[in-house]
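Everything numeric here is computed off the predicted structure, so don't read it as measured data.
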Amino acid sequence: MNLDNLNPQQKEAVITTEGPVLVVAGAGSGKTLVLTYRIAYLISLGISPSSILALTFTNKAANEMKERIRKLVGKRADYIYMGTFHSIFARILRQESNLLGYTRDFSIYDTDDSENVIKAILKDFNLSENHFNPRFLQNAFSKVKNKSVTNEYEIEKTLGNQNKKLVELFYEYNRRLKQSNAMDFDDLLIKPIELFSNYLDLLEEYRERFNYILVDEYQDTNIAQYRLLKLLVNQNRNICCVGDDAQSIYKWRGAEVRNILDFHKDFPETKIIRLEQNYRSTKSILAVADSVIKNNVFQIPKTLWTSNESGEHVKIIMCYDERDESNFVSRKISELLYSNEYQPKDIAILYRTNSQSRNFEESLIKSSIPYIIVGGVEFYKRKEVKDLLAYLKLIVNPKDDESFLRIVNFPARGIGEISIATLKSIARIKEKSLFQAISDLLENNEVNDRIKKNFKLFHDLIIKYQSLLSQSNFYETTKAFVDEIGLLQIYKEEGTEESLQRYDNIIQLLNSIQDFQSINPDKQLSDYLSEVSLLADVDNWEDRKNSVVLMTLHSAKGLEFKVVFIVGCEEGLLPLKRDGMIEDIEEERRLFYVGCTRAMKELFLTYARNRNRFGNSFPQIQSRFIEEVDKKFTKLEATPLAEIYMKKKSEMRSIIVDDYSQINEFDDDIIENTREIRPGTFVLHDVFGKGRVIYSEGYGDHQKVIVEFKSGIKKHLMVKYAKLKVIK
DNA sequence: GCAATTTACTTTTTT
DNA sequence: AGTAAATTGC
């Protein structure tokens, strides 16, 4: 194998195949390259691909890596065990499920499902949700599992509050999941630990199989994952972990940077390799990122350097408000696209919270810039999608109470609150799942016939499709099922924009089932459901679409773009403040660092003077991270609106100190004016006819635009003289 | 039991 | 401001 295009450290990381290796890889230092080459190299040495276990952070990363390895070693790449911790161990758990008292068709509950289970428990225990916040409990339970603590005292300590009640609820929660033949995300990590600790011969089997273990994004593994790794590593101790403590951004989810620091304690013979040359970014971008991250006290000292050119200055832009901010970004993107230096897919807009995407969506539409939002209300969390999936889960796993409750009366079939309460009490007495308790309800003389009839219909429906599923392929069965309950018809008849969207989503879901079946002809419906539950937002993003990408800073981890906009760089937003508290300032700083280091050529940092939150506008202060940036590498700018606002504000201050009403009136005027003619606007010109504005600069009498007319010619015009009329 | 209206809550970040 | 939950009226 040819390793000539690797630098000495990268090469060492590739060819040190035996024994524990820790690769401390700075941002953009070719970490993915090293992992792909390392795996390909192992295979070229004659090592069986199926003895390689490669754990990544997202499915997307796994697929990309597999694709790249395939290019190097061909078909053999298909046999590598590669995927996220969750998906790999879900697969193993399905195989060994009976040892743990689950069936192979167990359901996977997402965070919302878990929260619903907790709500149901609180109700049954007569506890107020005000006193026991379900979301808090869900979070706390997850923490216990992430830390993989098992003894009661430790559980109590982790749950906090010295509250025995919480421990009781925790046990009840797990009991109910087990009874529903369901696992939550964390179970997918701790159940394997349980499995391997109880069945040592089985552990030995897996240890032998996975002779080479590789872990990507190691800085974001939690204690449970680390324990799992330690269990699986065999006497050869061929484990290679790649990570960067500066990019650890999932501490809130239980990730432990200590896993990096402590690695050599468990593996004293570890070879530590540092990758410090950055191949991705310009000097300016790297310098900006570095000047901020060095304010963190807790970090492994390292010097990331690059031989790339200095490049453009990093731009810091002050905006008036969030709409001005999104308009600026759209304007700038039009400009970048117009220069023909960049394509839409080269550009990313990164923000701290999903809710920030809305304004950008609006302004990008107005400017006719193709875009794609990664995340937000994810596809698989939408009501209609979850409903259909709940039906399928119930058909596959009749013990799944959560799915049962979700769809038992949707579409409406006359099974209301009272009917369900009756069924619940029967289920509790008989110690059966809700679905299984239906047959008991039907034989119960105290239940009236109307209720019985409704349950009977529902029961027969599910039974029918259970048997259909065993007879024909699951896509056909699902399709027939959707037709029978008239799901598509319901949304079609409603006819609102929202329900048509839902219609499309159901179609899309059916298509994805069909695709899954044709790609994996030997797999079952439960495999599909499992895969779908473990998809991340980024996994669904097809970058071939050539669109500007909008996503959270978290989702951007591991990706790179030629141009990056980090928006909303304001105190309270980035770093994010909640309940008046900033959770963990160093983690927020690392998040900012991750954002900056995604950029290859150009980086824009924007902030707004005012921002709407919960319907009210609040004055904002620029982020401390912007203060920390070494200004030698930046250029400070302001949007026209922000400039006028600042000027006006200082003038006003000298005249009337407290009367802000005049500022607001003034603001409305200028906002209206600059909004009218902007990139994307269609205009009519006396001489040139119809055209579209593709670039705009300046404001008022100084506003200049570039218009592309129908004839194809582009004109630079001063709005003041051009007498443009806005059309549509 | 169901649809329509009112109220409450939301903005962390995700497998 | 926008959405989900809760409450009311039929």
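Residues A:F614 and A:L591 each lie close to DNA chain B; by heavy-atom proximity, the contact nearer the 5' end of the strand is made by A:F614. Of the residues near DNA chain B, A:S355 and A:S419, the one whose nearest nucleotide (by heavy atom distance) lies more toward the 5' end is A:S419.
As a whole-Å value, the separation of A:L423 CG from B:dG1 P is 13 Å. Remark: P of C:dG2 and CD of A:E361 are 12 Å apart, rounded to the nearest angstrom. Distance A:N139 CG to B:dT12 P: 11 Å, rounded to the nearest Å. A straight line from NZ of A:K386 to C1' of C:dA4 spans 14 Å, rounded to a whole angstrom. If you measure from atom CZ of A:F592 to atom C1' of B:dT12, you get 18 Å, rounded to the nearest angstrom. In this entry the distance linking CD of A:E115 with P of B:dC9 reads 14 Å, nearest Å. Spacing between atom CZ of A:R358 and atom P of B:dT11 amounts to 12 Å, rounded to whole angstrom units. The distance between atom CZ of A:R502 and atom P of C:dT3, rounded to the nearest whole Å, is 10 Å.
Close to B:dT14, at under 4.0 Å from its OP1 or OP2, lies no side-chain N or O of A:T111. Phosphate contact (OP1/OP2 of C:dA1, side-chain N/O of A:R323, threshold under 4.0 Å): absent. OP1 or OP2 of B:dC2 has at least one side-chain nitrogen or oxygen of A:N409 nearer than 4.0 Å.
Among B:dT13, B:dT11, C:dT3, the nucleotide with an atom closest to any side-chain atom of A:N354 is B:dT13. Of the candidates B:dG1, C:dT3, B:dT13, B:dG1 carries the atom nearest the A:I418 side chain, counting heavy atoms from C-beta on. The side chain of A:W252 lies closest to B:dT13 when the candidates are B:dT12, B:dG1, B:dT13. Taking the side chain of A:R450 as heavy atoms from C-beta on, and the options B:dT14, B:dG1, B:dT11, the nearest nucleotide is B:dG1. Looking at the side chain of A:T552, the nearest of the listed nucleotides C:dA1, B:dT13, C:dT3 is B:dT13. Ranking C:dT3, B:dT12, B:dG1 by closeness to the A:L576 side chain, first place goes to B:dT12.
The residue from A:N222, A:D186, A:L137 that alone fulfils the side-chain contact (heavy atoms from CB on, under 4.5 Å) condition with A:S142 is A:D186.
Here A:D216 pairs with A:K31 in a salt bridge; the nearest charged N to carboxylate O distance falls below 4.0 Å. Using a 4.0 Å cut-off between a side-chain N of Lys or Arg and a carboxylate O of Asp or Glu, A:K383 and A:D387 qualify as a salt bridge.
In this structure, A:Y250 and A:F57 have tilted ring planes: the angle between them lies in the 30° to 60° band. A parallel orientation is assigned to the rings of A:F89 and A:F85, their planes being inclined by less than 30° (bins at 30° and 60°).
Within the 4.0 angstrom heavy-atom criterion, base atoms lie near A:E583. Across all strands shown, A:F85 has no heavy atoms under 4.0 Å from either base or sugar-phosphate atoms. Using a 4.0 Å heavy-atom criterion, one finds that A:R611 contacts no nucleic acid atom at all.
Taking only distance into account, the side chain of A:R578 never meets the base of B:dT12 through a donor-acceptor pair shorter than 3.5 Å.
Rounded to the nearest Å, the gap between the C1' atom of C:dA6 and that of B:dT11 is 22 Å.
A:L350 places none of its side-chain heavy atoms less than 4.5 Å from the side chain of A:F565.
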